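Written out below as structure tokens is the structure these notes cover.
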There are 2 protein chains.
Amino acid sequence: MSIRDIARQAGASKANVFHHFNSKDKLYLAVMRDACRRSEAVLTNMLSEHGDATARIAEYIRQHLKLLYEDAERSKLVLREILQSNPRRGQELAERAFKDDFEMVTRIFSEGQQEGQLAPHIDPALAAFVMLAANVMLFQAQHVLRHLPGASFVDEPERYREMLLDILLNGISKGRSAGTTESA
Amino acid sequence: MSIRDIARQAGASKANVFHHFNSKDKLYLAVMRDACRRSEAVLTNMLSEHGDATARIAEYIRQHLKLLYEDAERSKLVLREILQSNPRRGQELAERAFKDDFEMVTRIFSEGQQEGQLAPHIDPALAAFVMLAANVMLFQAQHVLRHLPGASFVDEPERYREMLLDILLNGISKGRSAGTTESA
DNA sequence: TGGGGAACTGACCGATCGGTCGGTCGGTCG
DNA sequence: CGACCGACCGACCGATCGGTCAGTTCCCCA
């Protein structure tokens, strides 16, 4: 996307864009900051709600997916930046934008451990990472996944959420109590 | 990357590049095809080895990560294409490049179910997806993850593999037998 | 009322892009 | 020998890019 296009869509002149944002990179960073702030606000509101650990995890999966899909353009922008950042930019993004978010998500799992619902030997950061990775990949690679054999869950968000939660909580080994989560 | 740069690195003239590949897009597709073929070869060889289901899953996680990191440039190229493809391109990629690979990975899990080691109610495609998503995200977002609180597993591949396998197999709920996998 | 600074503009710049063109060169047939 | 062909090249093209600049318009406050 060129600054010419941006200016045209904004109904302003290209020079005016440079008047408000000194360079294209500054403009880009401003857009990124705005995108992150909106995501953060949504997730912070969501996390204030309560329930037991599994209910909060289920709710987070739901809300995170909803957030990704409802503002798809913004999500793609942020994810593209995360997924192809170099070391320096990656550190910048982590510390300035995603650190707090990730810490909040991790806390869902560590609190679940303190409450005795989740196994204490699990690394809460890794659990959070696996959950986020699944959601992000589902959203980001949906156009490829849709045509892969057996991946029909791409277009069945409810089934996907239920099954992901089941794998996350109970694993895939035989022996654990199977089946659907008895959510509302 | 411009064709000028490509030609310079190849020690040829820019015009010669256009002589062999009619357009930049044709050249790009040729590179993609080559990249996919190499990945496919590595994974096919790996999958011919045997063992029980959990051992094969563990081995796949290891080999897949190794493949991603050992040819990082190629991996980034392919993943970037997957992660930002539009619907039409996504379908093309899925059917022409990734269908067989994904089917092979899914089969690891469905065979594990037939052998009685994995829970029969699990969707093998979703299990494969979660595993792949974790690995891909670890590789692709490593520069961000490295600076996130608690995500030290990014630079400890052995611990990461062990813990991911544990979560995948046993889940994070309390009650399941904890701990390290008794691999060799 | 007028002066000053922010908001805003069109014209322009150098650089780089993908792609084309006319032509050279070495080898291979009839 | 000469016709032909694919590999290969330097020079060039139009388009587009991010960015600059001199100048105009607008608005607020002394």
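Each chain gets a letter, A, B and so on, in the order the sequences are listed, and its residues count up from 1. Since we're looking at a predicted model, the values are computed, not measured.
- Across every strand in view, C/dG5 sits in a pair with D/dC26 that passes the Watson-Crick or G-U test at under 3.5 angstrom.
- For B/Asn16 and D/dA7, the shortest distance from a side-chain N or O to OP1 or OP2 is not below 4.0 Å.
- One atom, CZ of B/Arg8, and another, P of D/dC9, lie 14 Å apart when rounded to the nearest Å.
- Taking all atoms of both residues into account, the shortest heavy-atom contact from A/Leu138 to A/Val154 is CD1-CA, 4.0 Å.
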Filtered N/O pairs between nucleotides 17-20 of chain C and protein, under 3.5 Å:
{"from": "C/dC17", "atom 1": "OP1", "to": "B/Ser2", "atom 2": "OG", "distance (Å)": "3.3"}
{"from": "C/dG18", "atom 1": "OP1", "to": "B/Lys24", "atom 2": "NZ", "distance (Å)": "2.0"}
{"from": "C/dG18", "atom 1": "OP2", "to": "B/Ile3", "atom 2": "N", "distance (Å)": "3.0"}
{"from": "C/dG18", "atom 1": "N7", "to": "B/Arg4", "atom 2": "NH1", "distance (Å)": "3.1"}
{"from": "C/dG18", "atom 1": "O6", "to": "B/Arg4", "atom 2": "NH2", "distance (Å)": "3.0"}
{"from": "C/dG19", "atom 1": "OP2", "to": "B/Lys24", "atom 2": "N", "distance (Å)": "2.8"}
{"from": "C/dG19", "atom 1": "N7", "to": "B/Lys14", "atom 2": "NZ", "distance (Å)": "2.5"}
{"from": "C/dG19", "atom 1": "O6", "to": "B/Lys14", "atom 2": "NZ", "distance (Å)": "2.0"}

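- Between B/Arg56 and B/Glu115 there is a salt bridge, with a side-chain nitrogen of the basic residue lying less than 4.0 Å from a carboxylate oxygen of the acidic one.
- A side-chain N or O of A/Ser152 and one of A/Arg159 form a donor-acceptor pair less than 3.5 Å apart.
- Checking C/dG30 for Watson-Crick or G-U wobble geometry (two distances, each under 3.5 Å) identifies D/dC1 as its partner.
- Just one of A/Gln84, A/Lys76, A/His143 meets the side-chain contact (heavy atoms from CB on, under 4.5 Å) condition when paired with B/Gln84; it is A/Gln84.
- In this structure, the ring of B/Phe153 has its center less than 6.0 angstrom from the ring center of A/Phe129.
- Nucleotide D/dA11 forms a Watson-Crick or G-U wobble pair with C/dT20, both donor-acceptor distances falling under 3.5 Å.
- If you check the side chains of B/Asn135 and B/Tyr60, you find no donor sitting under 3.5 Å from an acceptor.
- Rounded to whole Å, atom P of D/dC5 lies 13 Å from atom NE2 of B/His19.
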